[in-house]
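Working notes for the structure below.
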Amino acid sequence: MHHLANYIKRTIGVLFMAVSLSARAETQMEILAQLQAEAGGSASTERGRQLYQGRFQGGQAESCATCHTVNPKDSGRHARTGKTVEPLAPAANPERFTDRAKVEKWFRRNCNEVLGRLCTPQEKADFAAYVLSVR
């Protein structure tokens, strides 16, 4: 009987995790869909990759990879403060792209730091499409 209770608890735990991950992935896709709609309905993972890896002169950081590393699944380090930057790709950090307000906050902050300006709706959609596609 004790083994059956443990089995049931584990099964319920696994099911709860699966539902949580499914809901989280759906939220990420909803955020991407919202960004795509604001950009006119499309996004390009290739343009997003180019934006992520590109080097820019307008901001305080040379590129997104300056702090986030070349691989968005790796932890990085903020160029000025030295603080650890958690992985950007949801494949490595499932909390990313799950809160629209946070997404906008970080786009505002990081676009200014790297580009020296706000990102366009198309850049946001492309960037999100790329980062969400990294496996």
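- Side-chain atoms of Arg77 and Val85, non-hydrogen and from C-beta on, never get closer than 4.5 Å to each other.
- Put simply, the side chain of Lys73 gets close to the backbone of Arg135: a donor and an acceptor are under 3.5 Å apart.
- A 4.5 Å side-chain heavy-atom check between Arg117 and Glu123 finds at least one atom pair inside the cut-off.
- Side-chain atoms of Lys102 and Arg96, non-hydrogen and from C-beta on, never get closer than 4.5 Å to each other.
- Interatomic distance, Arg108 CZ to Cys119 SG, rounded to the nearest 0.5 Å: 11.5 Å.
- Using the six-membered ring where Trp is involved, Phe107 and Phe127 have ring planes that are perpendicular, over 60° apart on the 30 and 60° scheme.
- Heavy-atom minimum distance, Ala128 versus Leu32: CB-CD1, 4.0 Å.
- In this structure a side-chain-to-backbone donor-acceptor pair under 3.5 Å is missing from Asn93 to Ala89.
- Side-chain contact between Leu132 and Pro90 is present, with heavy atoms from C-beta onward closer than 4.5 Å.
- The backbone N or O of Pro94 sits less than 3.5 Å from a side-chain atom of Gln28, completing a donor-acceptor pair.
- Gln36 places no side-chain N or O within 3.5 Å of a backbone atom of Ile31 that could act as its donor or acceptor partner.
- Inter-residue side-chain proximity for Tyr52 and Leu88 is flagged as met; some heavy-atom pair is nearer than 4.5 Å.
- Shown here for Pro121 and Ala39, the closest heavy-atom pair between the two residues is O-CB, 3.6 Å.
- In terms of heavy-atom proximity, Gln122 sits nearest to Ser42 at NE2-O, 3.2 Å.
- Scanning both residues, Ser75 and Thr69, for their nearest heavy atoms gives O-CG2, 3.3 Å.
- Side-chain atoms of Thr66 and His78, non-hydrogen and from C-beta on, never get closer than 4.5 Å to each other.
- At a cut-off of 3.5 Å, with distance as the only test, no side-chain donor of Glu30 or Gln34 sits close to an acceptor on the other residue.
- Using a cut-off of 4.0 Å between Lys/Arg side-chain N and Asp/Glu carboxylate O, Glu38 and Arg100 are scored as salt-bridged.
- Ion pairing between a basic and an acidic side chain is recognised when a charged N comes within 4.0 Å of a carboxylate O; Glu113 and Arg109 show no such pairing.
- Trp106 and Val131 fall into different hydrophobic clusters, where Ile, Leu, Val, Met, Phe, Trp and Tyr side chains are chained together by heavy-atom contacts under 4.5 Å.
- The CD atom of Glu86 sits 11.0 Å away from the NE2 atom of His68 when rounded to the nearest 0.5 Å.
- Phe56 is linked by a side-chain contact (heavy atoms from CB on, under 4.5 Å) to Leu51, Val114, Leu115, counting only residues two or more places apart in sequence or in another chain.
- Formation of a donor-acceptor pair under 3.5 Å by the Asp126 side chain with backbone atoms of Ala43 is not found in this model.
- A salt bridge links Lys124 with Glu104: the distance from a Lys NZ or Arg NE/NH1/NH2 to an Asp or Glu carboxylate oxygen falls below 4.0 Å.
- The shortest distance between side-chain heavy atoms of Pro72 and Tyr130 falls below 4.5 Å.
- One hydrophobic cluster, built from ILVMFWY side chains closer than 4.5 Å, cannot hold both Val70 and Val134; they sit in different ones.
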